[in-house]
Amino acid sequence: MWDVLTNEGNLDAEQLEPIKACYYKQMKPTVSQDQLVVLRAKYGVRYE
């Protein structure tokens, strides 16, 4: 997603930073850690 915003949206790192901050603080946390564990197991996603 970040690559698309950078390349297709022509955003530089400074412009992208507020979007990333919003995503990580407000959008991503809506899925709990327990839910992530279940989803990763269900879809076979390895998390490092």
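Since this is a predicted model, take the numbers as computed values, not measurements.
Aromatic ring pairs are classed by plane angle as parallel below 30°, tilted from 30° to 60° and perpendicular above 60°; the pair Trp2 and Tyr23 is perpendicular.
The environment of CD in Gln35 is crowded: more than 12 heavy-atom neighbours from other residues, nucleotides or ligands sit within 6.0 Å.
Separation of atoms CD (Gln33) and CZ (Arg40) is listed at 6.5 Å; rounding is to 0.5 Å. Taken from CG in Leu5 to CG in Asp12, the straight-line distance is 12.0 Å, to the nearest 0.5 Å.
Looking at Ile19 and Leu11, their side chains come closer than 4.5 Å, going by heavy atoms from C-beta outward. Counting heavy atoms from C-beta on, the side chains of Leu16 and Thr6 come closer than 4.5 Å.
Val31 and Val45 fall within a single hydrophobic cluster, where Ile, Leu, Val, Met, Phe, Trp and Tyr side chains are chained together by heavy-atom contacts under 4.5 Å. Both Tyr43 and Leu36 sit in one connected hydrophobic cluster of ILVMFWY residues. Membership requires side-chain heavy atoms under 4.5 Å apart, directly or through other members.
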